[in-house]
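See structure below.
Count residues from 1 along the sequence.
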Amino acid sequence: MSDMSRRAFGGLLGGGAVSTVTGAASPAQAAPAERPFRSRTAAAPGPRPNFLVILGDDLGWADLSSYGAPHIKTPNLDRLARQGVRFTDAYSGSATCSPTRFSLYTGRYPGRTKGGLAEPVADRSQGLDPNHPTLASLLKKAGYDTALIGKWHCGWLPDYSPTKSGWDEFFGNFGGVLEYFSKLGQLGDYDLYEGDAEYRDLRYYTTVLTERAVEYVGRKHRRPWLLNLNFTTPHWPWLAEGDAETGAEIAARVRAARTPAQATAALNHRDGGSVAKYTEMVQSLDAAVGEVLAALRRSGQEENTLVLFASDNGGERWSYQWPLSGQKAGLQEGGIRVPAILRWPARIDGHQVSHEPNFSPDWTATLLELGGARPDPAHPLDGTSLAGYLLRGEPLPERDLFWRVRGNRALRRGGWKYYQDATGTDHLYHLAADLREQADLATDRPDLLAELKKAWEEIARGLLPYPAGS
C-alpha cells in the first residue's frame, strides 16, 4: 500500500461515510462498517464477467452521501458501495470531460492522441481516431458484445462515432452538453442519435437513457458484454425532470445562437442553478442507477457482472467538494479526484474500502485483463491493471499518476503530489496529512520537488505537444 495511511483517511472520511450510509438504523440493523480491502484469494476463477461502466458527469468527489455529502441522499449508490469496494483515492484521467473519456477508452494519457489534446472536444474537426484500439474494440475482438449509451464526447459525425471505434451499438449524444428536453447541443443542433441516425425523444434525458440501459441489461445475451453507460447528469444546464419550462427558455437561447460558442454559453446556464437544484439532479442520477441495477438483478446476471461507477472529472460550482480544493478544469484534488465504486459479487466481497491511488487508464487495463483481451502492442497502455490487487492479493506496483492540462501539471507518487499552477509556480503537497493542499512544502523539500518535477517532465516529453497558440 502507498504511504497514504489508512488511519489518516479512515479518520477523515471512512467512519463518517459509514455513518452516513447507515443513517438512523438501530445498532442491530446497522450495516457492517467498512473494512480495509482484502481480496477473496480463495475464490475460484469463473466465466468472464460482463462489464457495466457507469459515468456521472461533473460529479464531485464528495457529492454522494457515502462520500460525505451531508445534504445529498444517494441510497442506490451507497448500497452499491456497501456491496463492493469504495475507493477514496480514485482519479479521472484528466480534468474535463472528453480527455478523460479518451483516457478511459484508450487506456492511455489523453496527450497520446491528437483528439485528446482538445480540452474538451468542441467542434467537428476533433475526435478519437477510429483506427486507434479502444476498450470496446479490444473486448469485441475477445468475444464481447459492446454498447455505449449516453454521452460520447469524442467527436461528431461523419468522422467520429462509437460505432466507428468498437462499440456495436450507440444510443446517445455526440457532444459534451445538451439541453435535457429539446436535446439541442453545443453545436446548436439536435443531438440524440441511435447509431448514426437522429432519434426523436423530447422527454428528460436521464429518463430516456435509463430506459435504454434497462432494456440492454435485460436482454438475453449469448456472449459477455460491455456497456458504457454515460449519463450527462449532473452537468449543466441545471435542470431536473420537472423543469421543462426552464429548459424551453434555454433551448430558445440555443436556437438564437449564431455560433457554437454562443450555443455553449446558453447551455452553461450561468444565471441558473442552486445547491437545491444540483441536489435534485444528483439524486435523480442515483435513482437512475438504481433502476438499471434493479434490471440487472432481475435479469439474473448480477452475480457475474462487474459494475464500475465513477465520475468523468471533479465537480463544478454547485458540487460538495469538502475538504478538497479546486474544481473541474484544474489539477488540484477537486478537479480530478472522483468517487469510484466497484461491485462484482462473484469475485469480490462487500463492505470494503480501498485507499490505493488509481486513475481512469487503470480501469481500462483492468477490464481488458479480466475480459481476456490483449492490449495492442503498437499502442501500449499507460494504465496499470488492478486485477492482481483485486483478485489475488498482489500489491500494486509503485508507479506515478500523471496529469497534463493547459496551464496545469500534476504528478502523484504515493502520498506526495507535485502541482504546477497557471502562473508556473511549483507546489509540493503531502496529501496524507494535507488533503486540502494548503501546506505547500516546496521550500521544505526542494529535493523531492525536483525529483517529482523531473518525473513529470520525462513523461510529458513522450506526449504530443499542444497546437501552437492554444
Practice task
Go through the steps for His132 and Thr113 under the test side-chain contact (heavy atoms from CB on, under 4.5 Å), then give the verdict.
Solution key: CA-CA 9 Å; His132 195 294; Thr113 60; 3.6 Å; yes
Exercise for the section: For a side-chain hydrogen bond (donor to acceptor under 3.5 Å, both in side chains) with Lys417, tell me which candidate from His430, His427, Glu333 qualifies. Expected result: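 Output: one option passes, namely Glu333.
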Are the side chains of [X] and [Y] in touch, meaning some heavy atoms are under 4.5 Å apart?
{"X": "Tyr109", "Y": "Pro99", "answer": "no"}
{"X": "Asp196", "Y": "Phe170", "answer": "no"}
{"X": "Leu52", "Y": "Gln301", "answer": "no"}
{"X": "Arg445", "Y": "Glu451", "answer": "no"}
{"X": "Glu211", "Y": "Glu215", "answer": "no"}
{"X": "Leu187", "Y": "Pro260", "answer": "yes"}
{"X": "Pro339", "Y": "Asp63", "answer": "no"}
{"X": "Leu431", "Y": "Glu437", "answer": "yes"}

Check: [Y] main-chain N/O paired with [X] side-chain donor or acceptor under 3.5 Å:
{"X": "Lys183", "Y": "Asp201", "answer": "yes"}
{"X": "Arg406", "Y": "Leu117", "answer": "yes"}
{"X": "Asp168", "Y": "Thr146", "answer": "yes"}
{"X": "Arg297", "Y": "Glu302", "answer": "no"}
{"X": "Asp57", "Y": "Pro234", "answer": "no"}
{"X": "Thr96", "Y": "Ala329", "answer": "no"}
{"X": "Asp376", "Y": "Pro133", "answer": "no"}
{"X": "Asp312", "Y": "Cys97", "answer": "no"}
{"X": "Asp58", "Y": "Gly314", "answer": "no"}
{"X": "Arg108", "Y": "Pro380", "answer": "yes"}

Counting the benzene-type ring for Trp, do [X] and [Y] have ring centres under 6.0 Å apart?
{"X": "Trp363", "Y": "Phe51", "value": "no"}
{"X": "Phe37", "Y": "Tyr389", "value": "yes"}
{"X": "Trp156", "Y": "Tyr193", "value": "no"}

Practice task
Answer yes or no: are there more than 12 heavy-atom neighbours, outside Arg374 itself, under 6.0 Å from its atom CZ?
Solution key: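 Counting other residues, nucleotides and ligands, CZ of Arg374 stays at 12 neighbours or fewer.
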Handout entry: Check: Asn228/Tyr105 side-chain N/O donor and acceptor closer than 3.5 Å
Key =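 Judged by distance alone, the side chains do not pair up.
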Interatomic spacing from [atom1] in [X] to [atom2] in [Y] - rounded to 0.5 Å:
{"X": "Ile348", "Y": "Leu342", "atom1": "CD1", "atom2": "CG", "answer": "4.5 Å"}
{"X": "Thr210", "Y": "Glu291", "atom1": "OG1", "atom2": "CD", "answer": "5.5 Å"}
{"X": "Trp416", "Y": "Leu441", "atom1": "CH2", "atom2": "CG", "answer": "5.0 Å"}
{"X": "Asn313", "Y": "Leu55", "atom1": "CG", "atom2": "CG", "answer": "9.5 Å"}
{"X": "Arg82", "Y": "Arg343", "atom1": "CZ", "atom2": "CZ", "answer": "11.5 Å"}
{"X": "Leu401", "Y": "Asp382", "atom1": "CG", "atom2": "CG", "answer": "11.5 Å"}

Exercise for the section: Test Tyr144 against Arg48 for side-chain contact (heavy atoms from CB on, under 4.5 Å), laying out the working first. Expected result: CA-CA 10 Å; Tyr144 274 71; Arg48 293 182 298 170; 3.4 Å; yes
Problem - Member of Ile54, Val338, Leu293 meeting the side chain to side chain contact (heavy atoms under 4.5 Å, CB included) criterion with Phe309 - result: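 Filter result, single survivor: Ile54.
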Problem - For Ser94, the option from Leu104, Leu331, Val405 that meets side chain to side chain contact (heavy atoms under 4.5 Å, CB included) - result: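 Exactly one option meets the side chain to side chain contact (heavy atoms under 4.5 Å, CB included) with Ser94, and it is Val405.
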Practice task
Give the C-alpha distance, both sets of side-chain angles, the deciding distance and a yes or no for side-chain contact (heavy atoms from CB on, under 4.5 Å) between Phe171 and Leu192.
Solution key: CA-CA 7 Å; Phe171 178 85; Leu192 175 57; 4.0 Å; yes
Exercise for the section: Apply side-chain contact (heavy atoms from CB on, under 4.5 Å) to Leu449 and Tyr418, showing your working. Expected result: CA-CA 7 Å; Leu449 175 66; Tyr418 161 60; 3.5 Å; yes
Exercise for the section: May I have the step-by-step check of side chain to side chain donor-acceptor pair (under 3.5 Å) for Ser284 and Thr206, ending in yes or no? Expected result: CA-CA 8 Å; Ser284 77; Thr206 306; 4.8 Å; no
Problem - Charged N-O contact under 4.0 Å between Arg392 and Glu369 - result: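 Between Glu369 and Arg392 there is a salt bridge, with a charged N closer than 4.0 Å to a carboxylate O.
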Exercise for the section: Let me see the working for Glu119 and Tyr466 under side chain to side chain donor-acceptor pair (under 3.5 Å), right down to the final yes or no. Expected result: CA-CA 10 Å; Glu119 296 172 348; Tyr466 288 113; 2.6 Å; yes
